[in-house]
Visitor: 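The following block contains the structure, expressed as structure tokens.
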There are 2 protein chains.
Amino acid sequence: MTTTKKPKHHHGNLREALIEAGFALMNEGGIDALTLRKCAARAGVSHAAPAHHFNGLISLKAAIIARGYLLFADEMRAAMAQAEPDPMAQLVAICQGYIAFARAHAVVFKFMFQPHDIDPARINKPVMEELARTSYSAFAILEQVCARFEPIPEANQGVEALIWSMVHGYAMLFCAPGADVPINPLPDFERLLSALNLAPRS
Amino acid sequence: MTTTKKPKHHHGNLREALIEAGFALMNEGGIDALTLRKCAARAGVSHAAPAHHFNGLISLKAAIIARGYLLFADEMRAAMAQAEPDPMAQLVAICQGYIAFARAHAVVFKFMFQPHDIDPARINKPVMEELARTSYSAFAILEQVCARFEPIPEANQGVEALIWSMVHGYAMLFCAPGADVPINPLPDFERLLSALNLAPRS
DNA sequence: GCAGAACGCTTGACAGTGTCAATATCCATA
DNA sequence: TATGGATATTGACACTGTCAAGCGTTCTGC
């Protein structure tokens with residue numbers, strides 16, 4: 001925070017501060033804890049200040065989701081960088097990154113895949129574009145690794161859909177804190193993956 | 001509605017009417033459209049009436065989720081009843097039921113698997129019990145069918161986790177209206193299932 | 001038949017929410 | 001230095017969940 005000099009007008013980087021505050025609020029207190037007024041208070045501005053950066057709460061939510069996709073992609077890339085370069089190791093790595101993100105930011109993670117009443121027409125264009133860009137960027141990581149495997153014969157080039165469904169379902173169902181999973185013991189995701197008999201492309 | 005005789009006090013079945021109203025409101029206008037006051041209005045009672053049936057909004061939400069699990073199980077059972085009795089056909093059937101429910105009640109479906117700040121201590125005990133009962137009942141259907149397959153060698157008895165992850169992820173990612181899926185064409189779930197090479201138990 | 005308790009619902013109030021309009025302040029540029 | 005645009009504040013409004021108090025209905029025991 002650079003509010004050392006002037007404690008009055010002009011926060012300096014309010015937009016960023018609001019996203020960060022909203023992200024934190026959500027992960028701390030659940031979805032309903034995200035409030036424009038609380039974000040504003042946490043950033044040290046008045047309750048109506050956010051309106052100059054996001055046209056409505058829904059717009060701030062969209063920006064938070066975009067931020068989520070950014071961290072999401074980071075997590076997957078970081079896991080890839082530490083893994084062996086062969087296709088299977090890379091695939092396992094991004095799935096572990098996927099799951100790690102779900103565990104670390106469970107509330108935001110689930111919120112990202114909610115049916116938000118996000119009407120593109122009612123949201124700041126920059127926010128909407130950032131959302132489209134970051135979400136696709138995250139998906140592209142998955143897509144890239146899946147392309148290194150032979151397509152599934154029965155469903156041509158269905159590897160992405162298969163892997164994505166599996167890892168997403170696993171993360172959603174079993175990696176949210178407080179989810180009392182009725183399956184015990186829960187197998188590691190890597191073991192489930194091995195049931196697929198995926199073949200690296202020649 | 002049985003309000004033909006007495007248009008005044010005593011709704012008769014307000015609890016049920018509130019759940020139904022909430023369910024409808026949610027599916028029509030998204031999650032934020034669910035409001036205690038709107039539910040009350042739709043049921044034709046005053047704004048504070050719901051408090052006598054649910055101790056707080058969160059309790060009504062829990063009841064709606066429980067109702068969701070009920071319909072969810074119904075959908076799966078209905079699909080099973082129409083399918084051949086062999087394990088694979090039954091498995092395909094429940095997955096189709098799973099996906100059909102997700103399509104029909106997308107908002108409620110996703111809400112069911114959200115991290116709700118449902119503190120069991122703050123919710124009516126009957127509601128909490130109904131929630132536990134209905135959710136397990138839905139899972140049991142899946143469990144039963146999965147038990148008819150040979151366990152996955154690498155992850156002992158991981159069939160449930162595998163199937164559940166896959167179908168849940170598929171439903172979440174690809175079956176919500178308005179989800180612009182980056183995978184095109186999207187393979188049928190049945191085809192993805194065939195990539196698993198599951199073996200019916202001998 | 002009929003008091004009185006138990007239940008179901010209403011009314012009224014309160015703090016908290018998102019959003020808008022009007023105003024004040026800062027900053028850059030001319 | 002003056003002008004204007006971006007940024008933030010104040011105040012107001014309707015709407016929300018929740019609570020307390022009270023009223024109307026229905027049921028129970030006698």
Side-chain angles (χ1 to χ4, degrees), chain A residues 1-19 21-22 25-26 28-64 116-119 121-127, chain B residues 1-19 21-22 25-26 29-64 116-119 121-124 126-127:
Chain A
M1 308 300 170
T2 57
T3 47
T4 53
K5 278 185 170 181
K6 310 200 172 181
K8 288 220 166 183
H9 270 75
H10 286 74
H11 178 283
N13 199 5
L14 183 53
R15 199 192 120 97
E16 190 62 22
L18 288 172
I19 294 179
L25 277 172
M26 220 157 127
E28 289 167 14
I31 287 174
D32 295 333
L34 173 61
T35 281
L36 270 181
R37 287 170 116 103
K38 279 193 213 141
C39 286
R42 201 172 262 227
V45 295
S46 75
H47 68 265
H52 295 271
H53 296 270
F54 304 98
N55 60 345
L57 175 62
I58 191 62
S59 215
L60 173 57
K61 282 182 177 173
I64 290 174
H116 347 270
D117 31 354
I118 291 184
D119 178 5
R122 299 180 130 256
I123 295 189
N124 295 7
K125 259 201 188 107
V127 173
Chain B
M1 306 304 167
T2 57
T3 48
T4 54
K5 279 187 169 181
K6 310 201 172 180
K8 290 218 164 183
H9 272 76
H10 286 75
H11 178 283
N13 201 3
L14 183 53
R15 200 194 120 98
E16 191 61 22
L18 288 171
I19 294 177
L25 276 171
M26 221 158 127
I31 287 174
D32 295 334
L34 173 61
T35 279
L36 270 181
R37 286 169 116 103
K38 281 193 212 139
C39 286
R42 198 172 264 228
V45 294
S46 76
H47 68 263
H52 296 271
H53 294 270
F54 305 97
N55 60 344
L57 174 62
I58 191 62
S59 217
L60 173 58
K61 283 182 174 171
I64 290 173
H116 348 270
D117 30 356
I118 290 184
D119 178 2
R122 298 179 131 257
I123 295 189
N124 294 10
V127 172

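Order of the sequence lines fixes the chain letters, A, B, ..., with proteins taken first and strands second; residue numbering starts at 1 for each chain.
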Visitor: Just how far, in rounded Å, is P of dT17(C) from CG of L57(B)?
Guide: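 Atom-to-atom, L57(B) to dT17(C), this comes out as 15 Å.
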
Visitor: Could you state the atom-to-atom distance from CG of N55(A) to P of dT19(C) in whole Å?
Guide: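 To the nearest whole Å, that distance equals 9 Å.
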
Visitor: Using only atom types and a distance under 3.5 Å, with no angle test, would you say the side chain of D119(B) pairs donor to acceptor with the backbone of A121(B)?
Guide: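 At least one qualifying donor-acceptor pair exists.
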
Visitor: If you look at every heavy atom in N124(A) and S59(A), which pair is closest and at what distance?
Guide: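 Minimum heavy-atom contact is N-OG, 3.5 Å.
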
Visitor: Judged by each residue's nearest nucleotide on DNA chain D, which is more toward the 5′ side, H52(B) or G56(B)?
Guide: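 Upstream on the strand: G56(B).
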
Visitor: On a plain distance test, is the side chain of H47(B) in donor-acceptor contact with the base of dG12(C) below 3.5 Å?
Guide: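 Checked by distance alone, the answer is yes.
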
Visitor: In whole angstroms, how far is the C1' atom of dG16(C) from the CG atom of D32(A)?
Guide: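 Spelled out: CG on D32(A) to C1' on dG16(C) is 13 Å.
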
Visitor: How long is the line joining CG of L18(A) and C1' of dG18(C), in whole Å?
Guide: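 So the CG-C1' distance, L18(A) to dG18(C), works out to 14 Å.
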
Visitor: When the distance from CG of L36(A) to P of dC15(D) is rounded to whole Å, what number comes out?
Guide: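 So the two atoms are 19 Å apart, to the nearest Å.
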
Visitor: Quick one: label T35(A) by what it contacts on the DNA or RNA (base, sugar-phosphate, nothing), any heavy atom closer than 4.0 Å.
Guide: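 Here T35(A) touches the backbone only, sparing every base.
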
Visitor: Supply the atom-to-atom distance T35(A) OG1 to R42(A) CZ, rounded to the nearest 0.5 angstrom.
Guide: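 Going from the OG1 atom of T35(A) to the CZ atom of R42(A) covers 11.0 Å.
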
Visitor: Please report the distance, rounded to the nearest Å, between CZ in F54(A) and C1' in dT7(D).
Guide: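 F54(A) atom CZ is separated from dT7(D) atom C1' by 14 Å.
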
Visitor: What's the CZ-C1' distance between R122(A) and dC20(C), to the nearest Å?
Guide: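 One finds 14 Å between C1' of dC20(C) and CZ of R122(A), rounded.
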
Visitor: Quick check on DNA chain C: between K38(A) and A51(A), whose nearest nucleotide comes earlier from the 5' end?
Guide: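 This one resolves to K38(A).
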
Visitor: Regarding dG17(D), can its base be found pairing with the side chain of R37(B) as donor and acceptor, where the two atoms are less than 3.5 Å apart?
Guide: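 Answer yes: a donor N or O sits under 3.5 Å from an acceptor.
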
Visitor: Any side-chain N or O of H53(A) below 4.0 angstrom from OP1/OP2 of dA8(D)?
Guide: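 Affirmative; the distance criterion is met.
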
Visitor: Provide, to the nearest angstrom, the distance between the CD1 atom belonging to I58(B) and the P atom belonging to dT16(D).
Guide: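 One finds 18 Å between P of dT16(D) and CD1 of I58(B), rounded.
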
Visitor: Given C39(A), which of I64(A), L60(A), L14(A) fulfils the side chain to side chain contact (heavy atoms under 4.5 Å, CB included) condition?
Guide: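 It is L60(A), the one option of I64(A), L60(A), L14(A) that forms the side chain to side chain contact (heavy atoms under 4.5 Å, CB included) with C39(A).
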
Visitor: For the CG atom of D32(A) and the CG atom of D32(B), what is their distance to the nearest 0.5 Å?
Guide: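 So the gap between those two atoms works out to 8.0 Å.
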
